Amino acid sequence: NSSYTICTGSVKNNGTKTYYYIEVKGAFKDSSGNVIDTDWTYAAGSEGLAPGESTTFRLSVTKDYDIDSCTVSLLDFD
């Protein structure tokens, strides 16, 4: 969509227990590394992410042609 800048990624559970409500945050940056915008989402919710499973996520912000990259970090999980 030309109205948004999109960042997609995946999360894999390499642990030995199921994790729930996995929150990820994306920092959309310009070529100098300055954060222009952010977004967050749940990569997994109440269904959880069992050991060995993976899932995908999608972050989006309003289109800004200065955005050069997106750095994703884990915010929280249960």
Side-chain angles (χ1 to χ4, degrees):
N1 184 330
S2 63
S3 299
Y4 296 94
T5 298
I6 307 295
C7 176
T8 58
S10 63
V11 174
K12 182 175 181 181
N13 182 351
N14 291 320
T16 58
K17 70 176 209 168
T18 300
Y19 291 96
Y20 301 89
Y21 300 103
I22 301 169
E23 294 178 57
V24 294
K25 178 181 179 180
F28 292 79
K29 301 177 181 181
D30 66 15
S31 60
S32 298
N34 300 308
V35 176
I36 296 175
D37 207 344
T38 61
D39 189 26
W40 73 275
T41 191
Y42 285 103
S46 62
E47 74 282 4
L49 193 63
E53 284 187 335
S54 61
T55 188
T56 59
F57 61 86
R58 181 178 187 254
L59 303 166
S60 63
V61 295
T62 303
K63 185 71 145 188
D64 185 323
Y65 288 99
D66 289 332
I67 294 174
D68 184 63
S69 65
C70 180
T71 302
V72 178
S73 56
L74 180 64
L75 280 180
D76 197 13
F77 58 88
D78 283 338

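Computed from a prediction, not measured in an experiment: that's the story for all the values here.
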Work out which heavy atom in Lys12 is nearest to a heavy atom in Gly52; give both atom names and the distance. CE-O, 3.8 Å

Between atom CG of Asn14 and atom OG1 of Thr16, what is the distance when rounded to the nearest 0.5 Å? 11.0 Å

With a 4.5 Å limit on heavy-atom distance, are the side chains of Lys25 and Asp39 in contact? no

Hydrophobic cluster of Leu59, others only, ordered by chain and residue number, side-chain cut-off 4.5 Å: Val11, Tyr19, Ile22, Val24, Phe28, Ile36, Leu49, Phe57, Val61, Ile67, Val72, Leu74, Phe77

I need the minimum non-hydrogen distance between Pro51 and Gly15, along with the two atoms involved. CB-O, 3.4 Å

Are the side chains of Lys63 and Tyr4 in touch, meaning some heavy atoms are under 4.5 Å apart? no

Which value, rounded to the nearest 0.5 Å, describes the distance between Thr41 atom OG1 and Arg58 atom CZ? 10.0 Å

Using the side-chain contact (heavy atoms from CB on, under 4.5 Å) rule, take Tyr20 and Ser46 through it: C-alpha gap first, then chi angles, then the decisive distance, then the call. CA-CA 6 Å; Tyr20 301 89; Ser46 62; 5.6 Å; no

Lys29 NZ to Thr38 OG1 distance, which is reported to the nearest 0.5 Å: 11.5 Å

Taking all heavy atoms of Ala50 and all of Thr18, pick out the closest pair and write down the distance. CA-OG1, 3.5 Å

